[in-house]
Every structure is written in C-alpha cells, then in structure tokens.
Amino acid sequence: MLPIIDATGKNIFGVIKGSDPILCNEYVIISAHLDHLGMIPFLIEGANDNNSSSAAMLGVAEALAKSKIKPKRSIIFMSVDGEEAGLTGSTYYTNHPLVPKDKVVAILNLEQVGVGRMLGANYHHEYPELAELSKKANDKYVHRRLFTNETHFLTRPRTDGAVFMKAGYPCMDLWALGGGYYHHPKDNTRSINPDILRAATEWLYWTAIFIADK
Ligand SMILES: [Zn+2]
C-alpha cells in the first residue's frame with residue numbers, strides 16, 4: 001500500500017518539428033512514464049519499469065535530432081509522471097492536451113523495454129495500421145520475435161497507453177517480453193538486458209519514422 005503523499009507531478013515534453021510544411025502540423029507522440037515506487041520501504045529502482053523506456057525514448061530523440069532522415073510529421077517526446085500513483089500524468093495529459101487530439105496520428109507508449117527476449121505491441125483495435133508499421137520496422141531493421149496483440153481495454157486501465165486509448169487516441173503500447181521483476185527490489189540495473197533494450201530502441205526509432213512518414 002502506497003502512502004498518500006501530497007505532491008505535484010510534472011509531465012516533460014520535447015519536440016522535433018516535421019519536415020513537411022503541411023504534415024508538420026500532425027504529430028507522433030512517444031511517451032514513457034518517468035516515475036517509479038521509490039522507498040516502500042526498500043528502494044525499488046524501477047530500472048526496467050520504466051527507466052528502460054525513458055532511456056529508449058531519449059536515445060531515439062538524440063538519434064532523430066542527429067539523423068539525416070527528417071520525418072514529415074512532428075514527433076513529440078513526452079515523459080509522463082505519476083503512472084505508479086494512479087496514471088495521473090497521462091490522465092492529466094488527456095484533459096490538458098498539448099496539441100489538438102485529431103492531429104495526433106499515433107501515441108507510442110513504452111512500458112518496460114529493458115528485460116526479455118522478444119518485442120510486443122498492444123494496439124488499439126481500431127488502428128491495426130500501427131501494428132503493421134511496427135512489424136514492417138521489425139522485419140526490415142530489427143529482426144526480433146514480435147508479438148502484436150489487438151486490445152479493446154474493456155477492463156480498467158493499467159497503463160498510460162490504456163488511458164490514451166480510452167480517451168480515443170490511436171495508441172500502441174510497446175513492450176519487451178519474457179522475464180523481469182515487477183515492482184521488486186531486483187528491478188535494478190543489473191537485471192537489464194542491453195541487447196533487448198537496444199533492439200527495442202531501434203524498433204521504436206523505425207516505427208516512429210514509418211508512422212511519421214506514412
Ligand atoms: Zn510499475
């Protein structure tokens with residue numbers, strides 16, 4: 001049971017403007033929650049949940065900023081706070097969006113991409129094209145086992161991605177699958193598998209480019 005703390009969270013944004021004069025007004029959002037559990041009462045670092053995703057997102061931001069590839073649509077990088085506290089950052093975003101909802105072509109939400117052997121995508125059932133483009137990215141450049149799963153989110157949201165889907169965004173949760181400690185002191189940097197973290201980061205990079213250029 002988490003203690004109830006009176007605190008203020010912060011969502012943090014970065015943006016790379018699209019190269020197309022018209023399509024730059026449409027957006028691909030990459031999101032990852034930046035918080036974890038902290039001392040409860042042991043330190044739970046959250047290396048996989050969800051520092052791995054923050055690292056992948058920052059890696060893609062740096063790579064895209066330096067790349068000769070200039071995607072047509074703009075790409076927003078969004079660190080959301082308060083996931084563990086009850087999805088507060090993503091819920092706040094859906095009530096206070098940065099850009100018009102109908103200009104968002106995709107939200108790629110990252111969850112725990114630092115442990116495992118396979119990649120997984122849960123996509124909103126109305127947007128199978130997102131999963132197809134993530135498969136294309138994997139087939140062309142990453143070559144990992146990839147499971148895609150259509151989701152309807154009939155139960156209560158348990159990820160920021162579900163919050164975005166319930167709010168009507170074309171969203172896909174990206175995971176690494178197969179192992180790891182969940183909400184446990186052993187979710188620390190020693191448990192991270194650099195190989196799958198790199199694969200997930202490359203997969204995110206190409207998936208974001210394919211969607212931004214579709
Ligand atoms: Zn968690």
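Computed from a prediction, not measured in an experiment: that's the story for all the values here. First listed ligand is number 1; within each ligand, the first listed atom is number 1.
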Inset, instruction - Using distance alone, with no hydrogens and no angle criterion, decide if Tyr93 and Ser31 have a side-chain donor and acceptor under 3.5 Å apart. - result: no
Inset, instruction - Would you confirm whether Asn109, through its side chain, and Asp173, through its main-chain N or O, come within 3.5 Å as a donor-acceptor pair? - result: no
Legend entry - If only protein N, O or S atoms under 2.8 Å count, total around the Zn ion (ligand 1): 4
Inset, instruction - Measure from the side-chain N and O atoms of Thr91 to the backbone N and O of Leu87, and report whether any donor-acceptor pair falls under 3.5 Å. - result: yes
Legend entry - Test: Lys103 cationic atom under 6.0 Å from Tyr27 six-membered ring centre, within 45° of axis: no
Legend entry - Sidechain-backbone polar pair: Asp20 side chain, Lys72 backbone, donor-acceptor under 3.5 Å: no
Inset, instruction - Calculate, to the nearest 0.5 Å, the distance between atoms CZ and CD belonging to Arg190 and Glu45 respectively. - result: 7.0 Å
